[in-house]
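First up is the structure itself, then whatever we jot down about it.
Naming convention: chains lettered A, B, ... in sequence-line order (proteins, then strands); numbering from 1 in each chain.
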There are 2 protein chains.
Amino acid sequence: MPENAELTIFPTWTAGRPGYAQRIREAFQEHLEKTGLRLTSQRQRILDYLLTTEKHLSLNDIYQALRKHGVGRVTVFRTLKMLEEAKLVDHVTAAGGTSRFEVKLERPHHDHLICVHCGGIQEVRWPELEKIQDKICKTMGFSVAWHRHEVFGRCSACAEGKAS
Amino acid sequence: MPENAELTIFPTWTAGRPGYAQRIREAFQEHLEKTGLRLTSQRQRILDYLLTTEKHLSLNDIYQALRKHGVGRVTVFRTLKMLEEAKLVDHVTAAGGTSRFEVKLERPHHDHLICVHCGGIQEVRWPELEKIQDKICKTMGFSVAWHRHEVFGRCSACAEGKAS
DNA sequence: CTCCTAATTGAAACAGAGTTTCAATAAGCC
DNA sequence: GGCTTATTGAAACTCTGTTTCAATTAGGAG
């Protein structure tokens, strides 16, 4: 993976990362043991589903996919909460105000280019941009905890067919 | 208002802008006439309330303030929608996922520093940052329509008392 | 293996923002 | 006045997120 000084694009993340799924599962199990909780088949399934898809999934996406395997809304909700507490998963507040989740382990902070035409989400890493942001916030006495930078527009594929 | 090359802070907007309220009211009326709609007292009131307060208001904030004057939720909802269509008002998706509204006329694009402690929203303008963003998106073939850059953290006032 | 205890689960119910429907009302026009 | 059309807000509904609770399940001690 080339480390461009300006930006790095992550088309996929789990793909082509040997042992990633394994590591994140172990990290989850470790977190659960530390809190006195158990790694059940439902929790396993939810994490696995997040790992197998590259897209940013909503709570409902996951629920709809796993309900037939006997996983309830509430369990998905709670498991996602746990995964966030364990810092293995993060969520983005999408346009409609709904949360979309993605795995986070070993993954540097990145921002999103959201195509308003096809709905696709591209991920970019902007170290330069963040450096400027942090510098300015510092001079203003604003201590940054995290940020969200979302760019809306048309991806290269959709930019051609301008109609609609 | 000093035009710092790096950033401009807008503590207030409508204050100290002679005739601003008048201009935005006229623009609203014009938009309504163009669409065959009427400028009623309720719509007037809602816009005026947005103009008199500097804060970023939610639909409910506005409703709670105006319900005693005989303005319903639905009317607030619809009027805000109209004002957005008229490009006189814009909304930010705040931390909880709720929309907060602000007047937009004659106002350059800006981003938000959101204090997670006191809930205060500071506005900044980052031409330099936008220039870099646009440049990078261009090289990627992503045509930018708009963006949202929200920084969460502690404002200078809240940064001191780190407790809680 | 059995009992005990504590975690787990999901249905149901709830909260809150946003949105649509609809009958009653108000405003503009002829 | 009478006709037409916009306006309004209560009510109902959707959707996401969240809590409650009784039933179930799993793990550990004896």
Side-chain angles (χ1 to χ4, degrees), chain A residues 28-50 55-86 89-102 119, chain B residues 28-50 55-86 89-102 119:
Chain A
F28 189 31
Q29 191 154 19
E30 199 180 314
H31 171 82
L32 290 173
E33 277 169 15
K34 209 159 42 184
T35 349
L37 303 172
R38 297 165 194 162
L39 181 52
T40 63
S41 68
Q42 282 97 330
R43 290 174 187 168
Q44 187 79 254
R45 248 185 255 274
I46 291 162
L47 176 54
D48 281 356
Y49 189 66
L50 267 172
K55 290 184 296 183
H56 292 71
L57 301 164
S58 69
L59 193 156
N60 228 30
D61 290 337
I62 302 169
Y63 169 59
Q64 293 300 339
L66 299 180
R67 63 186 305 181
K68 46 180 159 292
H69 300 298
V71 181
R73 287 175 74 76
V74 191
T75 303
V76 176
F77 165 68
R78 275 185 292 224
T79 304
L80 287 170
K81 214 170 182 178
M82 283 176 205
L83 285 164
E84 283 204 292
E85 279 163 12
V89 157
D90 221 350
H91 79 271
V92 191
T93 303
T98 61
S99 297
R100 299 192 159 270
F101 298 84
E102 59 182 10
Chain B
F28 188 33
Q29 190 153 20
E30 199 180 313
H31 170 83
L32 290 173
E33 277 169 14
K34 210 159 36 185
T35 347
L37 304 173
R38 297 164 193 161
L39 180 52
T40 63
S41 68
Q42 283 98 329
R43 291 173 186 171
Q44 186 80 254
R45 247 186 256 275
I46 291 162
L47 176 55
D48 281 356
Y49 188 68
L50 267 172
K55 291 184 295 182
H56 292 72
L57 302 163
S58 68
L59 193 156
N60 228 30
D61 290 338
I62 301 169
Y63 169 58
Q64 293 302 338
L66 299 180
R67 62 186 305 181
K68 47 180 159 290
H69 300 300
V71 181
R73 287 176 73 76
V74 190
T75 304
V76 176
F77 165 69
R78 275 186 291 225
T79 304
L80 287 171
K81 212 169 182 179
M82 283 175 203
L83 284 164
E84 283 203 291
E85 278 164 12
V89 157
D90 220 349
H91 78 272
V92 191
T93 303
T98 61
S99 297
R100 301 191 158 271
F101 298 84
E102 60 182 11

Measure from [atom1] on [X] to [atom2] on [N] and round the result to the nearest Å.
| X | N | atom1 | atom2 | answer |
| --- | --- | --- | --- | --- |
| E33(B) | dA27(C) | CD | P | 17 Å |
| I62(A) | dG17(D) | CD1 | C1' | 14 Å |
| M82(A) | dT18(D) | CE | C1' | 14 Å |
| L66(B) | dG9(D) | CG | P | 11 Å |
| L32(B) | dT7(D) | CG | C1' | 12 Å |
| L80(A) | dG10(C) | CG | P | 14 Å |
| H69(A) | dT9(C) | NE2 | P | 16 Å |

| task | State which residues pass side-chain hydrogen bond (donor to acceptor under 3.5 Å, both in side chains) with E85(B); sequence neighbours excluded, sorted by chain then number. | result | none
| side-chain hydrogen bond (donor to acceptor under 3.5 Å, both in side chains) partners for E30(A), two or more places apart | none
| remark: Residues passing the ring pair (Phe, Tyr, Trp, His ring centres under 6.0 Å) test with F28(A), sequence neighbours excluded, are none
| remark: Hits for ring pair (Phe, Tyr, Trp, His ring centres under 6.0 Å) against H31(B), two or more places apart or cross-chain, chain-then-number order -> none
| said: Show me the pairs that pass salt bridge (Lys or Arg N to Asp or Glu O under 4.0 Å) and involve residues 73-84 of chain A, at least two apart or across chains. | reply: none
| request: Hey, could you give me each pair passing salt bridge (Lys or Arg N to Asp or Glu O under 4.0 Å) that has a residue in residues 36-50 of chain A? Not counting sequence neighbours. | output: R25(A)-D48(A)
| message | Are L66(B) and T75(B) packed together at the side-chain level, in the sense that at least one heavy-atom pair is separated by less than 4.5 angstrom? | response | no
| How does protein contact run along nucleotides 11-26 of chain C, one letter per nucleotide 5' to 3', with B for base contact, S for sugar-phosphate only, - for none, heavy atoms under 4.0 Å? | BB----SBSB------
| task | Can you sort out which residues in residues 39-46 of chain A have a heavy atom within less than 4.0 Å of DNA chain C? Ascending by number, please. | result | T40(A), Q42(A), R43(A)
| said: So, using salt bridge (charged side-chain N to carboxylate O under 4.0 Å, His left out) as the criterion, who are the partners of R100(A) when residues are at least two apart? | reply: D61(A)
| request: Sequence neighbours left out, what passes side-chain contact (heavy atoms from CB on, under 4.5 Å) with E102(A)? Give chain and number order. | output: H56(A), V92(A), R107(A), H110(A), H112(A), E123(A)
| said: Which residues pass the side-chain contact (heavy atoms from CB on, under 4.5 Å) test with E33(B), not counting sequence neighbours? | reply: Q29(B)
| Closest heavy-atom contact between Q64(A) and R67(A)? | OE1-NH1, 3.3 Å
| request: Would you work out how much the helix from dC1(C)-dG30(D) to dC30(C)-dG1(D) bends between its ends, with each end axis defined by five base pairs, to 10 degrees? | output: 10°
